[in-house]
Amino acid sequence: MTQLWPVLLALALPAAATSNCAKACDALASALPDLVIFPNSPAYNSHNNYWSARQAELFPACFVAPNTAQDVAKAVKILTSQNAPFTVKAGGHTAFEGGSIIQDGVTLDLANLNTITVSADRKTVSRSNPLGLAVVGGRSSTVGVSGLTLGGGISYFSGTKGWACDNVRNYEVMLSSGQIADASPRVNRDLYWALRGGGGSNFGIVTRFDLVSFDQGDLWASQRIYSGALNKTLISLMHGLLVEGLAADPAAHTYFVMTNAPELGGYVALSDQFHATHSDLVFPPAVFAGFHDAALPTLVNHTRLSNVSTLSRDIEQAGGKRQTWWDTTVAATATPDLLLDIVPLFEELVARLFAAAAADNSTVSPYLIYQAISSNILEAMRVNGGNALGLKPEDGPVMIVQLTVEWSSAALDEVVETGLKELIGKVDALAASRAAGSKNGYIYMNYAGKTQDVYAGYGQENQARLRRVASKYDSRGKFRKLWKGYFKL
Ligand SMILES: Cc1cc2nc3c(=O)[nH]c(=O)nc-3n(C[C@H](O)[C@H](O)[C@H](O)COP(=O)(O)OP(=O)(O)OC[C@H]3O[C@@H](n4cnc5c(N)ncnc54)[C@H](O)[C@@H]3O)c2cc1C
Ligand SMILES: *[C@@H]1O[C@H](CO)[C@@H](O)[C@H](O)[C@H]1NC(C)=O
Ligand SMILES: *[C@@H]1O[C@H](CO)[C@@H](O)[C@H](O)[C@H]1NC(C)=O
Ligand SMILES: *[C@@H]1O[C@H](CO)[C@@H](O)[C@H](O)[C@H]1NC(C)=O
Ligand SMILES: *[C@@H]1O[C@H](CO)[C@@H](O)[C@H](O)[C@H]1NC(C)=O
């Protein structure tokens with residue numbers, strides 16, 4: 001336990017803010033009886049349940065669990081009038097500490113707020129399944145729809161429909177004034193634009209998302225694990241999908257992962273593939289045929305037809321470990337060389353982290369992940385005037401280069417964070433040294449490290465526009481000042 005203290009001390013708020021929060025919690029408790037949860041209670045422990053152990057070791061002065069938008073309005077009015085620092089939790093899947101929890105502050109936990117709606121015409125829907133309809137949501141069943149959609153949201157269906165944020169018809173948003181606003185292509189269009197990928201914490205608390213839905217049967221899905229020795233062939237195939245294959249068959253979706261798994265004998269490469277319309281289990285969809293060549297032996301070939309809810313459970317990653325994510329984006333080059341040259345850089349990181357874990361007698365699992373934003377996705381993102389991400393069809397296609405590390409001991413926090421920061425810097429530098437335009441620099445918010453400058457990656461123009469929207473809807477700067485955690489403009 002002792003090793004946690006430096007973390008907690010570094011994050012603790014100044015004494016004045018702490019007492020604001022104690023006062024605010026009392027005021028909240030009288031305004032919202034039964035909805036405020038104080039420490040040392042079983043309910044507090046259940047709200048303090050986060051996917052990443054780095055979050056769960058912070059302790060708010062209280063949690064507030066609103067049931068309705070009116071409850072949120074009351075809470076916001078108290079927090080802003082008392083200048084009490086707070087944050088907002090939805091699914092609680094942020095990796096870094098303080099993403100959706102706040103030491104000594106107030107954490108609004110939206111778990112009881114039914115933020116997703118089903119409309120009578122069945123074209124706007126709640127969640128993936130009960131009605132046999134699908135939405136462009138995340139690929140994991142427990143990840144919150146809110147956080148994922150506010151930052152972008154990569155889905156099985158992005159090839160035809162863009163990211164989750166491109167499929168919101170209307171946001172109902174609690175502004176810092178305590179007033180509720182709608183944001184859609186018809187009203188508050190600037191706010192609507194900003195919320196599509198610009199995150200929540202600079203603008204407002206979204207109390208309802210109306211999502212576009214569509215009919216969806218089973219998907220073809222194939223998870224294939226190969227020896228890492230095949231990385232050159234596999235990354236070349238992935239490059240082919242990025243520049244050509246995925247755009248030619250937008251019903252396809254895929255990502256590629258490398259890791260060193262001692263229990264599997266060292267480096268392995270994983271290709272996860274999905275197809276929204278293919279239903280033949282004997283032959284894979286043509287777009288993925290290269291990966292299914294008999295000359296490429298697999299350690300695992302898990303190929304099946306499955307509905308979205310089953311697939312989402314399969315993709316789940318258990319919580320409770322320490323986690324971090326970092327990412328950047330590189331443009332597609334004519335050859336796969338850039339993507340191949342990242343592999344030895346990743347090997348250096350793995351060696352460094354394994355050495356640190358061995359010295360500490362703890363465990364660490366690093367992953368290198370490639371996720372394509374092919375030209376069809378960039379096109380689909382243009383719906384409703386485009387989103388806030390700053391990704392333009394003329395810059396594409398591009399590949400997100402993502403690093404994810406899961407580890408067990410706080411003693412490794414520093415070496416992990418430093419190692420990832422350096423590696424992302426090297427990837428950007430490598431891209432910049434290649435053919436003009438190879439460096440893209442977009443940083444996907446939902447995979448970003450705590451200290452990454454996410455909004456700079458959206459481009460100067462979008463960053464400036466987002467700032468204008470934030471100061472219009474949060475004119476007194478209350479959310480800017482009091483809403484802690486995640487990324488600020
Ligand atoms: C196992 C796993 C699988 C994942 N799969 C995918 C995937 O398939 N595709 C993908 O794109 N990403 C994926 N992610 C990343 C995911 O998008 C982010 O972790 C996202 O932040 C999770 O949202 P959340 O609501 O669970 O998190 P939280 O930590 O609760 O929230 C994230 C941020 O959003 C803010 N926020 C949340 N709700 C609201 C709201 N209603 N109004 C205003 N602000 C709000 C919070 O304050 C916080 O700053 C995955 C993550 C995990 C751990
Ligand atoms: C990647 O493939 C090359 C050969 O093509 C091999 O030398 C290298 O060891 C592989 N890297 C990993 C991490 O497996
Ligand atoms: C993997 O399994 C699927 C479904 O059974 C099959 O279509 C594919 O050819 C298999 N590939 C290999 C190389 O085993
Ligand atoms: C999804 O598939 C699983 C497993 O076959 C099944 O139990 C479940 O009922 C299906 N869900 C829907 C909504 O079809
Ligand atoms: C290392 O960790 C393992 C598993 O936690 C434990 O069983 C073992 O005793 C530890 N060894 C040392 C030298 O601390």
Side-chain angles (χ1 to χ4, degrees), residues 11-25 27-28 31 60-62 64 66 69 71-90 94 96 98-108 110 146-147 150-151 171-183 187-207 388 390 445 448 450-489:
L11 285 156
L13 294 164
T18 306
S19 69
N20 276 357
C21 285
K23 256 177 54 199
C25 288
L28 288 160
C62 61
V64 181
D71 294 340
V72 178
K74 285 185 192 167
V76 163
K77 283 177 185 155
I78 290 170
L79 292 167
T80 53
S81 68
Q82 305 213 359
N83 287 317
F86 72 97
T87 197
V88 174
K89 175 193 188 191
T94 301
F96 55 80
S100 44
I101 190 166
I102 178 171
Q103 179 67 33
D104 297 330
V106 176
T107 299
L108 296 183
L110 305 184
S146 306
L150 286 164
Y171 299 85
E172 181 193 85
V173 195
M174 185 64 54
L175 303 176
S176 65
S177 60
Q179 282 182 314
I180 292 183
D182 278 307
V187 294
N188 296 319
R189 296 182 53 161
D190 48 359
L191 182 59
Y192 178 68
W193 172 81
L195 290 171
R196 277 178 301 143
S201 58
N202 293 284
F203 308 102
I205 301 172
V206 177
T207 49
M445 177 186 288
K450 183 174 187 171
T451 56
Q452 286 195 272
D453 193 352
V454 167
Y455 291 109
Y458 287 27
Q460 272 182 6
E461 193 186 321
N462 281 20
Q463 190 172 15
R465 192 170 158 197
L466 286 167
R467 284 195 175 124
R468 286 197 299 276
V469 178
S471 48
K472 176 173 166 191
Y473 290 93
D474 178 28
S475 57
R476 293 177 305 155
K478 288 284 184 182
F479 280 169
R480 187 175 69 238
K481 200 173 110 211
L482 301 173
W483 187 338
K484 307 290 180 185
Y486 232 51
F487 303 97
K488 295 312 243 186
L489 273 163

**Q** Restricting to non-hydrogen atoms, name the atom on Ala27 and the atom on Gln82 that form the minimum distance, rounded to 0.1 Å.
**A**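 That would be CB-NE2, 3.6 Å.
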
**Q** Strictly distance-based, threshold 3.5 Å: is any side-chain N or O of Asp182 a donor or acceptor partner for the main-chain N or O of Val187?
**A**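 Not confirmed, Asp182 side chain does not pair with Val187 backbone.
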
**Q** Which residues pass the side chain to side chain donor-acceptor pair (under 3.5 Å) test with Lys74, not counting sequence neighbours?
**A**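 Expected list: none.
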
**Q** Distance check, rounded to the nearest 0.5 Å: Lys450 atom NZ versus Tyr486 atom OH?
**A**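 It is 12.5 Å, given to the nearest 0.5 Å.
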
**Q** Side chain of Lys478, backbone of Ser176: donor and acceptor closer than 3.5 Å?
**A**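 No; zero donor-acceptor contacts below 3.5 Å.
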
**Q** Could you pull out every donor-acceptor pair under 3.5 Å between side chains of residues 457-465 and any protein atom, sequence neighbours left out?
**A**
unit_1: Tyr458; atom_1: OH; unit_2: Gly197; atom_2: O; d: 2.7
unit_1: Asn462; atom_1: ND2; unit_2: Ala388; atom_2: O; d: 3.0

**Q** For a quick test of reading the model, state the closest non-hydrogen atom pair linking Ile101 to Pro60 and the distance between them.
**A**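 Closest approach of Ile101 to Pro60: CG1-CG, 3.7 Å.
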
**Q** With salt bridge (charged side-chain N to carboxylate O under 4.0 Å, His left out) as the rule and sequence neighbours excluded, what pairs involving residues 189-207 come up?
**A**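 Every pair satisfying salt bridge (charged side-chain N to carboxylate O under 4.0 Å, His left out) with a residue in residues 189-207: Asp190-Lys472.
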
**Q** Any non-hydrogen side-chain atom of Cys21 less than 4.5 Å from a side-chain atom of Asp104?
**A**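 No, every pair of side-chain atoms sits at 4.5 Å or beyond.
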
**Q** What's the spacing between Lys89 NZ and Ile102 CD1 if we round to 0.5 Å?
**A**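 Answer for the NZ-CD1 pair, Lys89 versus Ile102, is 14.5 Å.
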
**Q** Let me confirm one number: the CZ-CZ distance from Arg480 to Arg467, rounded to the nearest 0.5 Å.
**A**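 CZ of Arg467 is found 10.0 Å from CZ of Arg480.
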
**Q** Under the rule for side-chain contact (heavy atoms from CB on, under 4.5 Å), what residues qualify as partners of Lys488, not counting sequence neighbours?
**A**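 Scan of Lys488 (side-chain contact (heavy atoms from CB on, under 4.5 Å), adjacent residues dropped) gives Ser201, Asn202, Trp483.
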
**Q** Going by side chain to side chain donor-acceptor pair (under 3.5 Å), name the residues that satisfy it together with Thr87, two or more places apart in sequence or in a different chain.
**A**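 Partners of Thr87 under the side chain to side chain donor-acceptor pair (under 3.5 Å) test: none.
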
**Q** What distance separates Asn83 CG from Leu482 CG, expressed to the nearest 0.5 Å?
**A**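 Here the interatomic distance stands at 5.5 Å.
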
**Q** If I compare all heavy atoms of Val106 with all of Cys25, which pair ends up nearest, and what's the gap?
**A**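 Answer, listing the atom of Val106 first, then Cys25: CG2-SG, 3.9 Å.
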
**Q** Just one of Asn188, Asp474, Leu191, Ile205 clears the side chain to side chain contact (heavy atoms under 4.5 Å, CB included) bar with Leu175, so which one?
**A**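 The residue from Asn188, Asp474, Leu191, Ile205 that satisfies side chain to side chain contact (heavy atoms under 4.5 Å, CB included) with Leu175 turns out to be Leu191.
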
**Q** Only counting residues at least two apart or in another chain, list the ones meeting side-chain contact (heavy atoms from CB on, under 4.5 Å) with Ala73.
**A**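 Partners of Ala73 under the side-chain contact (heavy atoms from CB on, under 4.5 Å) test: Met174.
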
**Q** With sequence neighbours left out, write down each residue that passes side chain to side chain donor-acceptor pair (under 3.5 Å) with Tyr171, or none if nothing qualifies.
**A**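 Applying side chain to side chain donor-acceptor pair (under 3.5 Å) to Tyr171 gives none.
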
**Q** What closest approach, in Å, do Ser81 and Ile78 show between heavy atoms, and which atom pair accounts for it?
**A**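 Closest approach of Ser81 to Ile78: OG-O, 3.2 Å.
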
**Q** Does Ala75 have any side-chain contact (heavy atoms from CB on, under 4.5 Å) partners at least two apart in sequence or in another chain, and if so, which?
**A**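 Applying side-chain contact (heavy atoms from CB on, under 4.5 Å) to Ala75 gives Leu28, Leu32, Leu108.
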
**Q** Within a strict 4.5 Å, meaning less than it, do heavy atoms of the Thr107 and Ser100 side chains meet?
**A**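 Side-chain contact under 4.5 Å: no.
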
**Q** Do you know which two heavy atoms are closest between Ala69 and Glu172, and how far apart they sit?
**A**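 Result for this residue pair: CB-OE1, 3.8 Å.
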
**Q** Tyr473: which residues meet the ring-ring contact (aromatic ring centres under 6.0 Å, His included) condition with it, sequence neighbours left out?
**A**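 If we apply the ring-ring contact (aromatic ring centres under 6.0 Å, His included) test to Tyr473, skipping adjacent residues, there are no hits.
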
**Q** Give me the atom names and distance for the closest heavy-atom approach of Phe479 to Phe203.
**A**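 Minimum heavy-atom separation between Phe479 and Phe203: CD1-O, 3.8 Å.
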
